[in-house]
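Here the structure is laid out as structure tokens; the discussion comes afterwards.
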Amino acid sequence: MINILIVGSGGREHAMAWKIKQSPKLKQLFIAPGNVGTALLGTNIPVGVSDFDGIKKAVTDNQIDLVLVGPEVPLCEGLHDYFKADPILKHILFVGPYKLGAQLEGSKDFAKKFMMRHQIPTAKYLAVTSENLSEGVEFLKTMTAPYVLKADGLAAGKGVLILNDLQETESSLKEMLGGQFGAASRKVVIEEFLSGIECSVFVLTDGSDYRILPVAKDYKRIGEGDTGLNTGGMGAVSPVPFADEVFMKKVEDRIIRPTVQGLINDLIPYNGFIFLGLISCKGEPMVIEYNVRMGDPETEAVMLRIQSDFVDLLIGAAEGTLADKTLEIDPRTAVAVMLVSGGYPGSYEKGKVISGLENVETSLVFHAGTIQCGEDVCTDGGRVLTISSYGNNMSEALSCSYKNAQFINFNGLYYRKDLGFDL
Ligand code: AMP
Ligand code: GLY
């Protein structure tokens with residue numbers, strides 16, 4: 001039996017906590033900093049995800065055996081490297097890559113070079129800085145609209161621009177290089193536009209073996225019919241009908257195996273999740289992006305479909321024994337519907353009292369942006385709660401989440417009622 005610390009505070013971490021809590025291998029669960037939902041499953045520790053010394057203290061004070069990192073930021077900042085360099089922490093099991101591997105998410109240019117080196121299918125591209133701006137402009141002229149510009153570094157999901165006009169794209173490129181997204185856009189990746197339908201594939205690896213988790217699709221736009229601004233994610237469904245056996249075999253042969261082998265060949269040790277943002281171009285999978293963590297809200301659907309002991313899988317990934325672990329997947333459909341604050345992803349108010357949580361019986365509620373205000377639970381972010389459900393098919397699972405969503409109320413509550421419309 002082991003003590004586990006989850007680093008993070010969103011719906012993803014609550015869903016992971018829910019799954020971990022079911023394991024017979026768990027002794028005690030801690031979450032740093034966690035949220036109102038995780039406090040129901042374990043002990044929240046008020047330490048930020050980038051406060052490495054605070055995390056060290058949480059680990060030593062609570063005799064933590066395994067650390068699972070939810071978000072990308074501490075990984076890109078080198079939390080795993082910090083553990084490895086510390087004589088006390090270096091033997092603790094750790095799920096999440098080192099800074100080097102985390103560059104797959106932390107630098108689009110690094111990820112592109114990696115894919116080129118290992119012949120992994122992805123869009124054509126050119127990396128541009130102020131030094132080769134004219135080359136960038138020439139490259140744009142060889143392409144046709146729409147044009148895709150991506151900030152090289154982490155930009156909280158906002159660093160991708162898709163533009164139709166060449167002139168406008170040139171000026172946006174200059175603005176980005178001039179620091180529109182701070183240091184993250186001092187380098188920009190110009191990419192060929194790919195058209196098709198997207199899905200999220202999650203792989204857990206110990207750096208040599210891997211297990212493929214249930215595939216999901218998330219809905220990023222705020223408006224129904226995939227319109228309006230991009231958000232952190234308005235909901236997710238799993239499985240994804242078009243990601244059938246034929247498609248997934250291509251994904252494994254052309255993308256997953258070459259990625260894991262590429263990490264080995266490049267001497268990049270990697271224990272953790274690889275999240276492949278894929279697009280199916282007429283049935284052919286291409287990589288849109290790598291992330292080095294699980295997706296949010298995909299996790300709030302994917303965790304429901306993992307039947308095996310998740311802690312056993314995490315131990316396998318951390319210690320390099322994943323080859324001995326099995327991953328059984330629930331054949332049912334799982335969905336996650338995100339309830340958000342009015343105004344999100346623009347400005348919104350916080351502190352609205354949430355009512356009706358106790359009336360949800362046939363769905364799971366995962367907290368994202370909530371805070372305890374005395375007796376009440378209040379909103380504390382743009383994405384507030386996820387309502388996750390099982391069903392024998394997608395429409396059954398969605399009906400269940402939508403029925404339970406009606407019990408919940410707070411001022412300004414909004415959610416998309418059309419998830420799965422494109423499937
Ligand atoms: P990313 O942050 O790289 O996931 O990009 C955000 C979103 O932009 C993706 O989910 C896609 O919808 C879109 N996108 C990114 N790159 C491309 C591309 N090369 N072609 C078409 N759409 C893209
Ligand atoms: N749902 C997409 C992400 O987590 O980046």
Side-chain angles (χ1 to χ4, degrees), residues 8 10-13 15-16 69-73 75-76 104-112 115 121-126 139-140 143-164 169 176 181 184-185 188-202 213 215-222 226-238 240 273-281 284-303 335-338 340 345 366 368 382-383 386 416 419 422:
R12 167 181 52 210
E13 288 74 21
M16 286 173 158
V69 182
E72 66 280 12
V73 169
L75 297 170
C76 291
L104 281 179
E105 177 164 1
S107 165
K108 303 269 186 207
D109 187 27
F110 179 93
K112 283 298 210 181
M115 288 186 267
T122 188
K124 275 202 292 254
Y125 87 107
L126 180 75
F139 183 69
L140 279 174
M143 313 185 75
T144 51
Y147 305 96
V148 182
L149 301 180
K150 299 185 172 185
D152 179 61
L154 293 183
K158 298 188 178 73
V160 176
L161 299 184
I162 298 181
L163 301 159
N164 279 308
T169 307
M176 286 175 85
F181 300 99
S185 66
V188 171
V189 164
I190 303 177
E191 220 175 76
E192 169 197 15
F193 180 84
L194 300 173
S195 79
I197 184 160
E198 290 176 55
C199 65
S200 307
V201 169
F202 302 100
L213 274 52
V215 55
K217 181 172 198 309
D218 83 333
Y219 290 83
K220 288 202 174 81
R221 304 293 199 95
I222 187 73
D226 284 342
T227 55
L229 293 175
N230 257 323
T231 70
M234 295 296 294
V237 303
S238 174
V240 181
F273 296 99
I274 304 173
F275 165 173
L276 303 161
L278 302 182
I279 190 161
S280 166
C281 301
E284 306 305 321
M286 310 272 286
V287 178
I288 291 266
E289 64 166 349
Y290 281 114
N291 295 306
V292 298
R293 53 175 172 84
M294 289 294 292
D296 193 347
E298 290 96 323
T299 305
E300 292 96 298
V302 167
M303 285 299 135
V335 301
V337 175
M338 188 65 76
V340 305
F366 296 121
R383 296 196 294 172
T386 322
R416 272 181 65 170
L419 300 187
D422 53 342

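Both ligands and their constituent atoms are indexed starting at 1 by order of listing.
Regarding atom 2 (C) of ligand 2, its nearest protein heavy-atom neighbour is D218 OD2, 3.4 Å. Among protein heavy atoms, atom 23 (C) of ligand 1 sits closest to I288 CD1, 3.8 Å. From the protein, the heavy atom lying nearest to atom 19 (N) of ligand 1 is E191 OE1, 2.7 Å. Shortest contact from atom 20 (N) of ligand 1 to any protein heavy atom: L194 N, 2.8 Å. Annotation: atom 11 (C) of ligand 1 to nearest protein heavy atom, E198 OE2, 3.1 Å. Ranking the protein heavy atoms by distance from atom 1 (P) of ligand 1 puts E289 OE1, 3.4 Å first.
Looking at every heavy atom in both residues, I288 comes nearest to K150 through O-NZ, 3.1 Å. Summarising the geometry of R221 relative to T227, their closest heavy-atom pair is CB-O, 3.3 Å, with the distance given to 0.1 Å.
Between I190 and M143, the closest side-chain pair of non-hydrogen atoms falls below 4.5 Å. The side-chain heavy atoms of D422 and I197, taken from C-beta on, include a pair separated by under 4.5 Å.
The E298 neighbourhood of ligand 2 comprises atoms 1 (N), 2 (C), with distances under 4.0 Å to a heavy atom of that residue. Annotation for ligand 1: atoms under 4.0 Å from non-hydrogen atoms of K108 are 1 (P), 2 (O), 3 (O). Each of the following atoms of ligand 2 lies closer than 4.0 Å to a heavy atom of G295: 4 (O). Counting atoms of ligand 1 from 1 in the listed order, those under 4.0 Å from a heavy atom of K150 are 3 (O), 15 (C), 16 (N).
Protein heavy atoms come within 4.0 Å of atom 9 (C) of ligand 1.
Between G233 and ligand 2 there is no heavy-atom distance shorter than 4.0 Å.
By the 3.5 Å distance cut-off applied to N or O atoms, K220 is not counted among the residues near ligand 2. Backbone and side-chain nitrogen or oxygen atoms of R293 are examined, and one is located within less than 3.5 angstrom of a nitrogen or oxygen of ligand 2. In terms of polar-atom proximity, R12 is not counted as a contact of ligand 2, lacking any N or O under 3.5 Å from an N or O of the ligand.
In this structure, the side chain of T231 does not engage the main chain of P345 through any donor-acceptor pair within 3.5 Å. No donor-acceptor pair under 3.5 Å is formed between the side chain of R416 and the backbone N or O of G235. Counting only distance, with no hydrogens or angles, the side chain of K112 and the backbone of A123 share a donor-acceptor pair below 3.5 Å. R383 contributes a side-chain N or O that, together with a main-chain N or O of D296, makes up a donor-acceptor pair within less than 3.5 Å.
The side chain to side chain contact (heavy atoms under 4.5 Å, CB included) with S107 is formed by just one residue from the set V189, L154, D152; it is D152.
Here the shortest heavy-atom distance to atom 2 (O) of ligand 1, taken over I162, V160, D218, belongs to V160.
Using a 4.0 Å cut-off between a side-chain N of Lys or Arg and a carboxylate O of Asp or Glu, E191 and K108 do not qualify as a salt bridge.
Here the CD-CE distance, from E300 to M16, works out to 9.5 Å after rounding to the nearest 0.5 Å.
If you look at K220 next to ligand 1, the close heavy atoms, those under 4.0 Å, all belong to the side chain.
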